Amino acid sequence: MKKILPLVLSLAPFTVFSQSDDVTCHELAGNLLAYPYVENEPPAQTKVPEGYEPFHMEHYGRHGSRWLLGDEDYSVPVKNLEKAEKAGLLTPLGQRTLAGLRMIHEESQGRLGELSDKGALQHQAIGRRMARNFPEIFNPDADLTAKSTIVIRCIISMANALEGIQNQAPGVHFDKDASQADMWFMNYNDTPAWVIKDSADKTVLKPYRDSIMVTDTYLSRLVTDADFARDSVAPGLLPRMYWVLGNAQSHSNQPWLFEEVFSREELVENWKSGNAGWFIHGGNSQLTNGRMPFVQRNLLKRMVERTDSAINSGRPGANLRFGHDGILISIITLMELGGYGDEINSLEQLENTDWKDYEVIPMAGNLQLVFFKPTGEGNLNPDEILVKAMINEREVTMPGTPVTGPYYRWSELRDYYLDKISDFQ
């Protein structure tokens, strides 16, 4: 089959990053960004082509905002600043920061990695909008399934999303599950790919990070003695301080000190470091032999197969999946959505591109593929099915030439994707 060439449209505009861009400090927390559309509405969707109606959805969503994963993420900043406190060397901001860190650490006990209060609200809001925007899909007669990885924050995210859907569409029923039996497509452990990634982490990512992390003036805002700060406070403090303070946006009651402790330049450096790490994890690059997006080939094949079943049955329905950021960023790259499939072959080049982790994998980040059929049709012709993709409820480009706006012919994309993963195998 002739390969489809990507065509770039301006459906979901991204701008080249620089320190002068209108990027918020919340966004500079990278994948810790709290989902931006809870009380706020996402961008309006393009009108459905005349004579078509939605009938099916394929979805993968990251869990919502959460507690950090390890106790040392919370305990090390507290212990390090306590050294300066005992020496009487904390600034007023250092005292406020330590008080906040102590409170956060205490509240984290027993909750490492768990969904936060805001994480629940994020998925409820996304679920309500799914049902509101696509009532033809979410109705009592539809075939609806929901699956989660076996991690508790993902299971609770799924429960909240379904609650949001059912609040908007009473009477809908989901077949729900969270099983190790589904991890081969929900969270595949691709050992050969991790070997490639680990090598790139050492040979490419580490030197890049060493070259960009040049400022540490945040210590002078917390500790009055520079030598003591360098020798006794700094060891092990970054990136944990960045994570704890940046993740405060995941909770309704944690103090926001992120941009008081860190300068704009320091936040940019830390964000670039994390963004590069996510690119190595899931980006299309010869730095990782073009391998990392294909970690999610099983998920893509599953989405294609489930869509085939929906077209054959002619019944409305949806397959919702709840998992993790690493899976989400790789499937988006593999499917070449929103320009994220473009090949980038240096981390210095990455700085001048549209690759931004916070645009793709914020907390509760999600991919929605919405399929459309001719209105009223029961026996469906696969060649007549249209599809659009949304990343975090924003319409984005797909490979090839759209029929109109963000709407693409599914039969062409289906063949392209199956050929792509077949060529890899």
Side-chain angles (χ1 to χ4, degrees), residues 53-64 123-124 126-151 154-166 168-169 171-188 296-324 327-328 330-332 334-335 337 364-373 380 382 385-393 398 408 410-411 413-414 417-418 421:
E53 63 183 358
F55 82 102
H56 185 68
M57 178 185 288
E58 292 289 321
H59 159 276
Y60 194 98
R62 184 192 184 193
H63 58 75
H123 277 286
Q124 290 172 21
I126 294 167
R128 284 195 299 270
R129 283 191 294 268
M130 280 184 178
R132 184 192 69 193
N133 293 336
F134 307 110
E136 300 90 345
I137 294 175
F138 296 97
N139 67 74
D141 296 324
D143 294 327
L144 303 172
T145 70
K147 291 183 179 292
S148 169
T149 67
I150 56 177
V151 178
C154 301
I155 296 172
I156 302 302
S157 292
M158 175 176 70
N160 278 279
L162 300 190
E163 178 183 332
I165 292 171
Q166 290 167 332
Q168 183 72 30
V172 300
H173 171 75
F174 281 85
D175 290 329
K176 303 175 288 293
D177 200 9
S179 171
Q180 184 65 44
D182 293 326
M183 292 305 100
W184 64 273
F185 68 89
M186 289 289 293
N187 191 7
Y188 181 53
Q296 297 313 319
R297 60 197 181 276
N298 292 342
L299 176 57
L300 177 53
K301 186 176 182 182
R302 184 79 169 187
M303 288 179 166
V304 171
E305 291 172 346
R306 287 297 183 261
T307 302
D308 286 347
S309 297
I311 294 171
N312 290 335
S313 73
R315 289 174 54 81
N319 296 302
L320 310 185
R321 304 169 184 90
F322 298 85
H324 308 272
I327 290 84
L328 182 59
S330 294
I331 189 65
I332 287 170
L334 180 60
M335 296 184 71
L337 305 179
N366 59 93
L367 166 63
Q368 298 178 30
L369 301 176
V370 186
F371 296 83
F372 301 81
K373 68 180 182 68
L380 303 183
I385 302 302
L386 303 182
V387 61
K388 76 171 178 179
M390 295 190 292
I391 298 176
N392 302 326
E393 302 178 83
M398 304 182 78
Y408 293 74
W410 171 242
S411 59
L413 283 167
R414 177 189 184 277
Y417 288 142
L418 290 179
I421 59 178

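Everything quoted here is computed from the prediction, not taken from an experiment.
- In summary, of the residues considered (Asn312, Asp308, Ile311), a side chain to side chain contact (heavy atoms under 4.5 Å, CB included) with Pro382 occurs for Ile311 alone.
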Inset, instruction - Might you work through the salt bridge (Lys or Arg N to Asp or Glu O under 4.0 Å) test for Arg321 and Glu58, ending with a clear yes or no? - result: CA-CA 8 Å; Arg321 304 169 184 90; Glu58 292 289 321; 2.7 Å; yes
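- Separation of atoms OH (Tyr60) and CZ (Arg302) is listed at 13.0 Å; rounding is to 0.5 Å.
- Heavy atoms only, all atoms of each residue included: Ala142 and Ile137 are closest at CB-O, 3.0 Å.
- Of the possible polar contacts, one joining the Asn160 side chain to the Ile156 backbone as a donor-acceptor pair under 3.5 Å is found.
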Legend entry - Evaluation steps, side-chain contact (heavy atoms from CB on, under 4.5 Å), between His59 and Leu367: CA-CA 6 Å; His59 159 276; Leu367 166 63; over 6 Å; no
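- For the atom pair Tyr408 OH and Leu386 CG, the distance stands at 12.0 Å (nearest 0.5 Å).
- Nearest heavy atoms, Leu337 versus Ala389: CD2-CB, 4.1 Å.
- Taking CE from Met130 and CE from Met57, the interatomic distance works out to 5.0 Å, rounded to the nearest 0.5 Å.
- When side chains are defined from C-beta on, Asn366 counts as touching Glu393, because their heavy atoms get closer than 4.5 Å.
- In this structure, the side chain of Tyr417 does not engage the main chain of Val304 through any donor-acceptor pair within 3.5 Å.
- Tested against Phe372, the residues His56, Glu136, Lys388, Glu53 include a single side chain to side chain contact (heavy atoms under 4.5 Å, CB included) partner, Lys388.
- Between Asn139 and Pro316 the shortest heavy-atom distance is ND2-CG, 3.9 Å.
- For the pair Ser313 (side chain) and Ala310 (backbone), a donor-acceptor distance under 3.5 Å is present.
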Inset, instruction - Given side-chain contact (heavy atoms from CB on, under 4.5 Å), test Ile126 with Gln368 step by step and report yes or no. - result: CA-CA 11 Å; Ile126 294 167; Gln368 298 178 30; 4.2 Å; yes
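- Once rounded to the nearest 0.5 Å, the distance linking CG of Asn298 with CE of Met303 reads 12.0 Å.
- Asp143 contributes no side-chain N or O that, together with a main-chain N or O of Gly317, makes up a donor-acceptor pair within less than 3.5 Å.
- When all heavy atoms of Pro140 and Gly171 are compared, the closest pair comes out as CB-O, 3.7 Å.
- The side-chain heavy atoms of Lys301 and Phe185, taken from C-beta on, include no pair separated by under 4.5 Å.
- In this structure, the separation between CZ on Phe371 and OG1 on Thr307 is 3.5 Å, given to the nearest 0.5 Å.
- Residues Arg128 and Ile165 fail the side-chain proximity criterion, which asks for heavy atoms closer than 4.5 Å.
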Inset, instruction - List the steps, then state whether side-chain contact (heavy atoms from CB on, under 4.5 Å) holds for Ile327 with Gln296. - result: CA-CA 7 Å; Ile327 290 84; Gln296 297 313 319; 3.5 Å; yes
Inset, instruction - Check the pair Arg132, Phe138 against side-chain contact (heavy atoms from CB on, under 4.5 Å), reporting the backbone distance first and the verdict last. - result: CA-CA 9 Å; Arg132 184 192 69 193; Phe138 296 97; over 6 Å; no
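- Looking at Met183 and Thr149, their side chains come closer than 4.5 Å, going by heavy atoms from C-beta outward.
- A heavy-atom distance below 4.5 Å is found between the side chains of Leu162 and Leu320.
- If you take CD1 on Ile391 and CG on Leu328, they are separated by 7.5 Å, rounding to the nearest 0.5 Å.
- Under the 3.5 Å distance criterion, the side-chain polar atoms of Ser157 are matched with a main-chain donor or acceptor of Gly64.
- Under the 4.5 Å side-chain criterion, counting only non-hydrogen atoms from C-beta, His63 is not in contact with Val151.
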